[in-house]
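Just so you know, these numbers use all the heavy atoms, side chains as well, and skip hydrogens, waters and symmetry mates.
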Amino acid sequence: MKEIKPVKEGKVREVYDAGDCMILVATDRISAFDHILKNDITKKGEILTKMSKFWFDFTKDIVPNHLISIDKNDMPEFFQSERFAGNSMKCKKLNMLPVECIVRGYITGSGWESYQKNKTVCGIRLPEGLQESDKLPEPIYTPTTKAELGLHDEHITFEESVEILEKLYPDRGREYAQKIKDCTIALYKKCADYARSKGIIIADTKFEFGLDEEGNVILGDEMLTPDSSRFWPDEGYEPGKSQPSYDKQFVRDWLKANPDSGYLLPEEVVDKTIAKYKEAYELLTGKTDV
C-alpha cells in the first residue's frame, strides 16, 4: 500500500489529496502562541471532527458543505488504520476562496481592544456604551485574508474582499463576496441560537468557503469547534469582564504563568483541557461517544 503524504500540514491539522477526494485530519496536537506543544490532547482530534460533522449536518439547509464521511470504512485504504480513526473527514475537493469569514456576535478580544480606542471593530462603527463581552445588536462580518503558515491574517473590509475575489473570478467577485458574507451571518445566527439553548454562547467564529466544479459556493474546512470559535458557558455570563471559555485558555494561562516551561504541560492542565473540549461537545450534540 502506497503511503500518502500530506499536501498541507498546519500546526494541528493535516490535509491529504486522495485523488478524487481530500482527507482532513484533526490531530491531537495543540498549539499556543504560535508553538506546537510537546503534549498531545487525547481525543481532541476526534472531538473536533465529530463536532464539525454535527454542525455540517445541522446547517446543510443554509449552504451545502464539503463533508462526505467521517467513517474510516468509507476512506481510501491508507486512511483505514487506527491512526486516522475518528479524527478524519473525507471531503469533496474545492477551490478554496482566499478569505476567512469571521463573524462576531459579542465584543471581546481584539474587537474589544479596538472598540475602546475608537468605537469601531474592523472599521465597523458600533453603538456607544458597550461593555466587554456585551452581545452586539446584530452580528458583524469582519473578514480577513488567509495568510500562509507562520504569518498573520490581515483584517479587510467587505469591499476589499470583493476586490480580492474579483481578481480571481472576474465579473463574479462581488457575487461570491456577498454570498459568503450572507452565508456566514445566516450560519452564525442559526448555530448561536441553538448553542445558547444548550448552555453555550458562541461569541465569535470563522468559516471558510470554496467553489465546486460548477462554481457553486460550498462550506469547507472545520466548523464551529473550540479551535475555530470562542465558546463561553451561558451559566455565569456577565458583561463587563472577560468570560471563561471552552477551549485552550487553560493552556494559554498556564504558559503565561510558566514562561520557562519549554512548552511542556503538566498532566493536570492537559486533563482540564480535554475535559473542557468534551464538555462542549456533549452539551452541543447530546452525545457521549468520545
For [X], which residues count as a ring pair (Phe, Tyr, Trp, His ring centres under 6.0 Å) partner, sequence neighbours excluded?
X: Tyr141; value: none
X: Tyr16; value: Phe79, Phe84
X: His35; value: Tyr263

Which residues pass the side-chain contact (heavy atoms from CB on, under 4.5 Å) test with [X], not counting sequence neighbours?
X: Ser242; result: Glu132
X: Glu238; result: Lys241
X: Ile124; result: Leu126, Ile140, Thr142

Test question: given the 4.5 Å side-chain rule for I, L, V, M, F, W and Y, name all other residues clustered with Ile102, or answer none.
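ILVMFWY cluster around Ile102 holds nothing else.
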What residues join Ile36 in its hydrophobic cluster, counting side-chain heavy atom gaps under 4.5 Å, either direct or through other members?
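Reading the cluster by chain and number, Ile36 sits alone, since nothing else belongs.
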Does [X] have any salt bridge (charged side-chain N to carboxylate O under 4.0 Å, His left out) partners at least two apart in sequence or in another chain, and if so, which?
X: Asp221; result: Arg13, Lys206
X: Asp61; result: Lys190
X: Glu267; result: none

Should we say atom NZ of Lys278 is surrounded by more than 12 heavy atoms from elsewhere, each under 6.0 Å from it?
no
Please tabulate, for the side chains in residues 191-200, all donor-acceptor contacts under 3.5 angstrom to protein atoms that are two or more places apart in sequence or on a different chain.
from	atom 1	to	atom 2	distance (Å)
Tyr194	OH	Leu284	O	2.5
Arg196	NE	Asp234	OD1	2.9
Arg196	NH1	Tyr106	OH	2.9
Arg196	NH2	Asp234	OD1	3.0
Ser197	OG	Tyr194	O	2.5

